[in-house]
Every structure is written in C-alpha cells, then in structure tokens.
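What follows is one structure encoded as structure tokens, with my remarks underneath.
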Amino acid sequence: MVNSRLLVVGELNVDLLLNQIQAFPQLGKEIIAEGMDLCLGSSSAIMAANSAAMGVDTTFCGVVGEDYFGDFILRELKRKSVSCRHITRLQHQKTGCTLILNYGQDRANVTYPGAMNALTIHDVPFEKPAVYQHLHVSSLFLQQGILNDIEQLFVNARAAGMTTSLDMQWDPAEQWAFDYARCLPYVDVFMPNESELLALTRTGSISDAIEKIKPYLNTLALKMGKNGSIGICGTQHVTIPAFEVSHFVDAIGAGDSFNAGFIRKYMAGAALEDCLREGNRMGALNTTAAGGTGAFDNLEKINKNIKEYWGTESSLS
Ligand SMILES: Nc1ncnc2c1ncn2[C@@H]1O[C@H](COP(=O)(O)OP(=O)(O)OP(=O)(O)O)[C@@H](O)[C@H]1O
Ligand SMILES: [Mg+2]
C-alpha cells in the first residue's frame with residue numbers, strides 16, 4: 001500500500017463573486033456588478049488543491065449535492081489532480097455556496113452551508129493498514145456533522161496510523177466549542193491564526209494563549225500574516241519572518257496555502273523551521289494572485305514564480 005498520501009476532511013462550496021458593484025446593495029433596489037466569477041471555494045478545498053499542485057498525492061473527503069455546483073466542484077478538484085473518491089453526493093441536499101460582494105477594497109459574504117453539514121465521522125475512511133499518511137481537518141465550526149465527534153475523528157486517525165493536523169478557522173457563532181484540552185493531544189500540528197487562538201483560549205495575549213494550550217500541545221504552527229509564523233514543539237520555540245511580497249494582489253486563502261506548504265514538508269519528515277519556512281513561502285506566493293488557488297495552477301508555474309519573486313530554487317519537483 002502506498003503510504004505518503006494526504007487525506008483532507010472538510011467543507012466544500014463554490015464562491016460566487018460579484019465584483020466592482022456600483023454601490024452597496026439596499027433592500028428593494030437593484031444594482032449592477034461589473035464582473036462575475038464562479039470559483040472553487042472553501043478553506044479545505046483550497047488546501048487540498050494547492051497541496052496537489054505542489055505534487056502531494058491528495059484525496060478529499062466531503063459532501064456535495066447532486067447539482068450543478070456539485071458537478072463544478074468535482075470538476076475543479078479533479079482538474080487540480082485531487083482524488084474525489086471519498087466525496088459523497090447527496091440527492092436531497094444542495095451544494096454549499098458563498099456569495100461574495102466585492103465593493104472597492106471591502107467585501108460582504110453570505111454563506112449557505114447546504115450539504116457541508118451532512119459530512120459525519122462515518123464518511124471518513126480509516127482503513128488499516130493506513131492508506132493515507134496524514135489527515136488534515138479545516139474549518140471545524142462550519143462542519144456541524146463533525147464538530148461533536150472531532151476528538152474521536154483524531155483518535156481514529158491516530159489508531160489507523162496517520163499523523164494529524166487541524167486548522168479550526170474562525171467560528172462564525174463565536175462559541176468556540178472545541179475542547180482543546182481533550183482534542184489537542186491527538187492533533188500533531190495545530191494551525192490557528194492569532195485571532196483564532198486568542199478567541200479559543202479567551203486570553204488577551206499570544207503568550208498567555210500559548211501557556212494555556214501548551215500542556216496539551218504537540219506542535220503549534222501559528223500564522224501571523226505579514227509577521228510570518230511561530231512554531232512551538234516541546235522546548236523549541238521558533239519565529240520565521242514572512243517572505244517579502246512585491247506583487248501583492250489579495251490574501252484570500254493565504255492560511256490554507258501556508259497549511260499546504262507546511263504539511264507537505266511535515267509529511268516528508270522535515271524540521272519544524274523548514275516546515276514553517278515552506279508554509280510562509282506558500283502563504284506569500286498565495287498573495288501574488290487572485291483568490292486562494294490563483295498562484296497554484298501547476299508545479300511549473302509555482303517554481304517559476306518562486307524563482308522570480310525570491311530568487312530561490314523551489315524544493316518542489
Ligand atoms: N501580506 C503578506 N505578505 C507576506 N506573507 C504573507 C502575507 N499574508 C500572509 N502571508 C503568509 O501566509 C501565512 C498565512 O497567512 P495568514 O496569517 O493570513 O493566515 P490566516 O489568517 O489563517 O488566513 P486565511 O484567511 O486564509 O484563513 C502567514 O503566516 C505568512 O507567512
Ligand atoms: Mg485561516
């Protein structure tokens with residue numbers, strides 16, 4: 001059995017973007033958008049698509065409806081070489097959709113979760129011997145069917161011989177119902193950003209937040225936007241600065257691309273510093289093109305842009 005594969009468990013939705021709208025929408029009125037795009041949405045799908053673009057053998061586990069948006073998502077994931085063999089299609093559910101209204105530099109998002117709520121622990125393949133080397137879970141609070149079983153999900157993954165990572169993302173309900181003391185011992189790499197870590201631990205400073213989670217932590221990869229990232233593992237505590245970006249477009253999905261870069265290195269057994277540096281590099285690369293996957297078309301383009309922007313040879317082949 002091949003044993004260097006990534007399994008991403010998560011939400012799937014399309015992003016329907018209406019760009020350059022003339023004014024902010026008002027009830028009872030109609031306005032015109034100058035542009036429109038339909039893209040693969042969702043943090044988990046961006047992480048999976050970009051991992052595959054970096055050459056990682058990647059499989060997605062999720063749920064979509066038997067509808068046009070479901071067809072579109074499967075086509076996009078396959079185009080990015082992500083295996084869809086664990087994506088379930090449900091007849092009586094609609095595929096999730098986020099409507100994004102881009103107004104100047106600002107945006108308003110409305111999400112219909114649809115079928116993403118139907119994913120449960122029973123959909124996740126835990127074959128033994130392990131078919132997958134690593135399990136990554138993202139957007140925990142958008143997955144109502146997984147949330148209550150999250151500890152068991154990681155326990156099962158470990159029992160099946162996988163390493164594990166979690167990017168819980170923001171909780172739209174701001175309840176932060178993630179029992180970190182129980183779950184983090186089964187999470188090999190915990191990957192929040194600063195505001196998520198503060199909200200989860202209900203603390204006012206990063207150092208207090210780290211003190212709170214430390215007893216339960218294996219490895220922390222903390223994302224800090226333009227300030228790079230911090231890694232903590234046992235007595236190791238490293239800060240890696242962000243890469244300079246001279247061609248900034250937007251930061252949508254930078255965290256997911258960081259995850260893809262970090263986990264690729266982690267699966268290869270690299271040192272914490274190298275994982276963080278690769279995460280930072282892919283997060284920075286993400287910001288040089290529109291959306292979360294724009295900078296990750298294929299390996300050739302990724303390598304060419306890394307060389308052009310930072311003058312270094314990429315380690316991807
Ligand atoms: N403006 C930037 N310049 C350089 N690097 C950046 C920039 N924004 C993000 N990055 C890189 O990407 C990584 C992840 O980005 P960020 O900290 O924004 O994650 P996030 O808040 O989880 O994002 P997301 O909204 O995608 O969930 C950062 O740690 C950094 O290395
Ligand atoms: Mg994030």
Side-chain angles (χ1 to χ4, degrees), residues 8 10-11 13 15 17 39-51 54 98 100 102 105-107 109 111 136-143 165-172 174 176 178 187 189-200 206 209-210 219-232 238-266 272-296 302 305-306 308-312 314:
V8 179
E11 83 291 9
N13 66 268
D15 282 347
L17 295 105
C39 316
L40 180 64
S42 87
S43 165
S44 304
I46 293 169
M47 192 279 183
N50 294 351
S51 293
M54 289 173 206
T98 297
I100 302 173
N102 276 320
Q105 296 295 310
D106 253 327
R107 50 174 40 212
N109 292 3
T111 292
H136 178 77
V137 178
S138 188
S139 303
L140 180 59
F141 304 107
L142 290 183
Q143 300 181 68
S165 53
L166 170 68
D167 180 348
M168 61 184 178
Q169 298 279 23
W170 190 254
D171 178 9
E174 300 194 29
W176 301 97
F178 171 61
V187 176
V189 189
F190 182 45
M191 315 183 88
N193 68 16
E194 289 171 290
S195 48
E196 291 153 4
L197 183 61
L198 293 176
L200 174 72
I206 292 297
I210 290 172
T219 294
L220 172 71
L222 179 66
K223 291 168 277 187
M224 303 188 302
K226 272 192 260 184
N227 295 321
S229 54
I230 287 178
I232 293 178
V238 281
T239 304
I240 305 289
F243 282 70
E244 289 277 329
V245 175
S246 53
H247 298 72
F248 184 88
V249 177
D250 68 51
I252 299 166
D256 309 313
S257 299
F258 172 98
N259 296 345
F262 185 108
I263 294 299
R264 188 184 75 85
K265 281 284 184 181
Y266 181 83
L272 178 58
E273 257 189 71
D274 295 335
C275 297
L276 292 165
R277 195 167 292 109
E278 191 69 354
N280 285 0
R281 192 200 318 265
M282 294 307 170
L285 181 64
N286 180 113
T287 69
T288 63
T293 57
F296 297 89
I302 297 172
N305 286 339
I306 285 176
E308 184 185 327
Y309 299 148
W310 298 294
T312 49
S314 134

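As the structure lists them, so they are numbered: ligands from 1, and atoms in each ligand from 1. Each residue takes its place number in the sequence, starting with 1. Computed from a predicted structure; not experimentally measured. Worth knowing before you read on, the calculation uses all heavy atoms, side chains too, and leaves out hydrogens, waters and symmetry mates.
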Taking backbone and side chain together, does Ser43 place any N/O/S atom at a distance below 2.8 Å from the Mg ion (ligand 2)?
no

Quick one: look up the protein heavy atom nearest atom 19 (O) of ligand 1 and list residue, atom name and how far away it is.
Gly255 CA, 3.4 Å

Can an N or O of Val245 be found at a distance shorter than 3.5 Å from an N or O of ligand 1?
no

For atom 25 (O) of ligand 1, state whether the nearest protein heavy atom is under 4.0 Å away.
no

Can you tell me how far the OG1 atom of Thr111 sits from the CG atom of Asp15, to the nearest 0.5 Å?
7.5 Å

Is the side chain of Lys265 donor-acceptor paired with the backbone N or O of Leu276 at a distance under 3.5 Å, no angle test?
no

Side-chain (Thr287) to main-chain (Ala284) donor-acceptor, under 3.5 angstrom
yes

Atoms of ligand 1, numbered as shown, that sit under 4.0 Å from any heavy atom of Gly253
26 (O)

List, one per line, each side-chain donor-acceptor pair under 3.5 Å for residues 41-48, sequence neighbours excluded.
| residue | atom | partner | partner atom | Å |
| --- | --- | --- | --- | --- |
| Ser42 | OG | Glu11 | O | 2.9 |
| Ser42 | OG | Ala45 | N | 3.2 |
| Ser43 | OG | Ser138 | OG | 2.8 |
| Ser43 | OG | Gln169 | NE2 | 2.8 |
| Ser43 | OG | Asp256 | OD1 | 2.6 |
| Ser44 | OG | Glu11 | OE1 | 2.5 |

With respect to Ile252, determine whether any N or O atom, backbone or side chain, lies less than 3.5 Å from an N or O atom of ligand 1.
no

Output, in order, the C-alpha distance, side-chain angles, deciding distance and verdict of side-chain contact (heavy atoms from CB on, under 4.5 Å) for Phe243 and Arg277.
CA-CA 9 Å; Phe243 282 70; Arg277 195 167 292 109; 3.9 Å; yes

Any sub-3.5 Å donor-acceptor pair from Trp176's side-chain atoms to Leu197's backbone N or O?
no

Please work out whether any backbone atom (N, CA, C, O) or any side-chain heavy atom from C-beta onward of Asn193 is under 4.0 Å from ligand 1, and answer side chain, backbone, both or neither.
side chain

Region of Met282 that comes within reach of ligand 1 [heavy atoms, distance under 4.0 Å]:
neither

Tell me, which protein residue and heavy-atom name are nearest atom 7 (C) of ligand 1, and how many Å apart are they?
Thr287 CG2, 3.9 Å

Gly283 heavy atoms within 4.0 Å reach ligand 1 at atoms 11 (C), 12 (O)

Asn280-Ser229 side chain donor-acceptor pair, cut-off 3.5 Å:
yes

For atom 15 (O) of ligand 1, what is the nearest protein heavy atom, given as residue, atom name and distance?
Ala254 CB, 3.6 Å

Number the atoms of ligand 1 from 1 as they appear, then name those within less than 4.0 Å of a heavy atom of Lys226, with their elements.
1 (N), 2 (C), 3 (N)

The answer for which part of Phe243 has a heavy atom under 4.0 Å from ligand 1 is backbone

Of all protein heavy atoms, the one nearest atom 31 (O) of ligand 1 is Asn280 OD1, 3.0 Å

Which is closest to atom 30 (C) of ligand 1 by heavy-atom distance: Gly225, Ser257, Gly228?
Gly225

Is there any N or O on Gln169 that sits under 3.5 Å from an N or O of ligand 1?
yes

Is it true that Thr288 and His247 share a donor-acceptor pair across their side chains at a distance under 3.5 Å?
no

List the steps, then state whether side-chain contact (heavy atoms from CB on, under 4.5 Å) holds for Arg264 with Met282.
CA-CA 11 Å; Arg264 188 184 75 85; Met282 294 307 170; 5.7 Å; no

Any donor-acceptor pair under 3.5 Å linking the side chain of Asn109 with the backbone of Thr98?
no

